[in-house]
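Right, one structure below, let's go through it.
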Amino acid sequence: MASEKLFANIISHAKEYGYIFQSSEIYDGLSAVYDYGQYGAQLKKNIRDAWWKSMTQLHENIVGIDAAIFMHPTTWKASGHVDNFSDPMIDNKDSKKRYRVDHLIEAHATELEDKGEADKAKELLSAMDALLAKDDFTGLKTLIETWKIKCAVSGTANWTDVRQFNLMFSTEFGAVSSDNPEDNIVYLRPETAQGIFVNFLNVQKSGRMKIPFGIAQTGKAFRNEIVARQFIFRMREFEQMEMQFFVRPGTELDWYAKWKETRMQWHIDLGLPAEKLRFHDHIKLAHYANAAVDIEFEFPFGWKELEGIHSRTDYDLRRHQEFSKKKLQYFDNDLNAEGKPYGNYIPFVVETSVGLDRLFLTILSHSYHEEEVPTAEEGKTDTRVVLRLPAKIAPIKLAVFPLTKKDGLPELAEEIMKDCMPHFHCFYEEKDAIGKRYRRQDAIGTPFCVTVDHQTKEDGTVTIRLRDTLEQHRIPAKEVQQFVLNKIA
RNA sequence: GCGACAAUAGCUCAUCCGGUAGAGCGCCAGUUUCCCAAACUGGAGGUGGCGGGUUCGAGUCCCGUUUGUCGCUCCA
């Protein structure tokens with residue numbers, strides 16, 4: 001099937017079977033915001049739990065926290081989010097090319113210098129600085145127009161207005177407004193990482209953590225994307241699962257290499273096929289990193305970033321130390337080659353950061369299959385849609401069906417429900433033909449169904465039916481619970 | 001942000017040249033059925049995304065808008 005059509009089918013399946021709904025759909029929706037439905041929320045939680053367990057429970061030196069979405073505004077000055085992402089931009093209407101206004105004007109000034117008109121260049125730049133300082137966007141556009149600055153691509157001076165693109169959502173903090181509105185602005189965090197960095201010392205001290213150690217966190221983050229598209233791939237409100245690993249300076253690239261492999265293996269262990277995963281090294285590094293790689297997945301719409309592993313140096317802690325005037329350092333008692341303690345230093349950080357929603361989409365699109373299966377009628381086939389979700393993260397683990405809703409079969413089925421419900425999510429249904437009930441469970445990705453029939457009354461066995469192979473075999477009803485538990489362990 | 005395309009029942013779609021909206025599937029209630037979407041009976045569900053305009057009359061033509069998909073662009 002064409003991948004475009006396949007992706008459209010996945011999206012509509014996700015909606016039809018209670019996985020993902022568009023936000024505020026009855027009001028025509030809200031751009032690039034989505035809600036998780038009854039099965040989606042459970043699948044998402046199961047993925048999140050799997051990650052949390054793999055990080056915190058299975059690593060003695062990693063602990064998890066839950067920092068608030070609201071953070072002190074200075075956090076974002078320290079992190080670079082305020083200054084690096086609020087530059088005024090302008091678009092050329094002919095070439096559709098977007099420029100940072102300062103870059104555009106500076107490039108023109110350089111041209112003037114090359115032509116030996118250094119005085120003019122200086123005049124232009126000082127005019128620009130004055131306008132930038134005042135946030136005078138109208139003035140900046142006038143400046144571009146009076147100096148007849150043209151687009152390098154189209155060669156025209158057909159510009160849009162100067163606009164500022166704010167990456168971060170802001171809101172007002174406190175019920176009483178201040179004389180200076182800026183005093184009350186808080187941002188909705190654009191990444192969860194900073195909640196870890198500002199708590200570095202708290203966790204290290206209170207948990208008596210010894211380097212190397214990690215702090216994990218899952219939570220919502222918010223970005224005012226210029227373009228937000230491709231279903232839940234890029235949303236304005238999304239959830240991150242991040243782990244910041246604090247290491248001794250000089251060892252960061254070893255840890256970076258280790259986490260790179262560890263994280264790739266985790267995705268494979270979760271059930272994703274190795275051939276649809278790959279590394280993509282960053283050539284151009286962000287201001288805080290000395291090495292960075294993405295784990296990419298081959299979505300129906302191409303290879304896209306799923307997780308980032310970054311060696312963030314000591315940038316974040318160093319910046320927070322500067323801005324907060326608090327020492328964010330660690331005293332390392334381990335002995336170096338000369339037999340002396342490594343002493344005080346700001347730890348280096350290796351970050352693993354995976355998008356929970358992206359991982360959800362990865363699993364959903366990989367699990368979705370349309371296939372021909374035999375029907376009750378000899379030789380005939382019918383199309384079934386099945387989500388081959390890994391059993392350990394499927395929202396519903398077991399469906400329990402009485403073959404008919406009389407002759408005491410529902411009562412026997414209820415017993416199995418009672419036996420299993422405390423241990424994993426179960427679904428009970430007694431209406432419609434058995435085949436139809438199986439198909440409905442296929443569509444939501446339930447890996448196991450058991451059916452109670454008349455033989456159950458005689459020998460206590462039930463039919464267990466496997467989603468992926470359509471195989472059926474009989475097992476004692478009393479063993480159903482353990483059968484499923486073994487499969488989802 | 002630019003461009004292209006799209007929007008009719010829960011889903012997939014139909015509705016001829018503009019003349020008061022229909023099917024299949026699904027869903028709900030029941031009958032029947034004894035292991036892979038069977039059959040039968042009955043039922044709910046639509047201001048045709050929203051707002052304007054043209055017209056005697058608009059789901060249909062035009063404009064705007066919202067949302068989505070795709071291509072550019074952006075992506076710490």
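Note that this is a predicted model, so its numbers are computed, not measured. Quick note on labels: first sequence line is chain A, next is B, and so on, each numbered from 1.
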Can you tell me the distance, in whole Å, between the [atom1] atom of [X] and the [atom2] atom of [N]?
X	N	atom1	atom2	result
A/Glu430	B/U31	CD	P	12 Å
A/Ile11	B/U67	CD1	P	16 Å
A/Arg319	B/A76	CZ	C1'	13 Å
A/Arg440	B/C11	CZ	C1'	15 Å
A/His13	B/A37	NE2	P	17 Å
A/Phe238	B/A76	CZ	C1'	11 Å
A/Asp432	B/C25	CG	P	14 Å

My understanding is that a pair needs two contacts under 3.5 Å, Watson-Crick or G-U wobble. By that rule, which nucleotide pairs with [N]?
N	value
B/U41	B/A29
B/U65	B/G49
B/U8	none
B/C72	B/G1
B/C35	none
B/C56	B/G19

Write down the distance separating the [atom1] atoms in [N] and [M], rounded off to the nearest Å.
N	M	atom1	answer
B/C62	B/U67	P	23 Å
B/G10	B/C28	P	15 Å
B/G52	B/C11	C1'	31 Å
B/A14	B/U73	C1'	38 Å
B/A44	B/G49	C1'	23 Å
B/U55	B/G59	C1'	16 Å
B/C70	B/G30	C1'	47 Å
B/A58	B/G18	C1'	6 Å

Picking from [options], which would you name as closest to the side chain of [X]?
X	options	answer
A/Arg234	B/C35, B/C74, B/C34	B/C74
A/Lys431	B/C36, B/C34, B/C28	B/C28
A/Leu403	B/C35, B/U33, B/A37	B/C35
A/Tyr34	B/G68, B/C11, B/C36	B/G68
A/Asp453	B/U69, B/C35, B/U33	B/C35
A/Phe231	B/U69, B/C35, B/G26	B/U69
A/Gln472	B/C36, B/C74, B/C70	B/C36
A/Phe7	B/A37, B/G10, B/C70	B/C70

**Message:** For a quick check of understanding: with a heavy-atom distance under 4.0 Å over all strands, which category does A/Arg465 fall into, base, sugar-phosphate or nothing?
**Reply:**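 Base: the residue A/Arg465, judged by heavy atoms under 4.0 Å, touches a nucleobase.
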
On a plain distance test, is the side chain of [X] in donor-acceptor contact with the base of [N] below 3.5 Å?
X	N	result
A/Asp442	B/C36	no
A/Arg223	B/C75	no
A/Ser12	B/C11	no

**Item:** Torsion-based syn/anti label for B/C17, 90° from 0 as limit
**Value:**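 Base orientation relative to the sugar is syn.
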
**Request:** Map A/His310 and A/Thr451 onto RNA chain B by nearest heavy atom, then report which one ends up closer to the 5' terminus.
**Result:**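 The answer here is A/Thr451.
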
**Item:** Comparing A/His282 and A/Leu30 on RNA chain B - which has the more 5′ nearest nucleotide
**Value:**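 Residue closer to the 5' terminus by nearest nucleotide: A/Leu30.
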
Within the structure, does a side-chain N or O atom of [X] lie under 4.0 Å from either OP1 or OP2 of [N]?
X	N	answer
A/Lys436	B/C27	yes
A/Gln22	B/G68	yes
A/Lys405	B/C34	no
A/Ser31	B/G68	yes

**Prompt:** Distance-only, no hydrogens or angles: does the A/Arg263 side chain make a donor-acceptor pair with backbone N or O of A/Glu307 under 3.5 Å?
**Reply:**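 No; judged by distance alone, with no hydrogens or angles, the pair does not exist.
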
Hey, do the aromatic rings of [X] and [Y] have their centres closer than 6.0 Å?
X	Y	result
A/Trp255	A/Phe245	yes
A/Tyr36	A/Phe360	yes
A/Tyr34	A/Phe231	yes
A/Tyr17	A/Tyr19	no

**Request:** Measure the spacing between CZ of A/Arg467 and CZ of A/Phe448 and express it to the nearest 0.5 Å.
**Result:**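 Separation between the atoms: 7.5 Å.
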
**Request:** Drop me the distance from A/Glu191's CD to A/Glu351's CD, to the nearest 0.5 angstrom.
**Result:**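 Between atom CD of A/Glu191 and atom CD of A/Glu351 there are 6.5 Å.
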
**Request:** Could you tell me how the ring of A/Phe197 sits relative to the ring of A/Phe246: parallel (under 30°), tilted (30 to 60°) or perpendicular (over 60°)?
**Result:**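 It falls in the perpendicular class, over 60°.
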
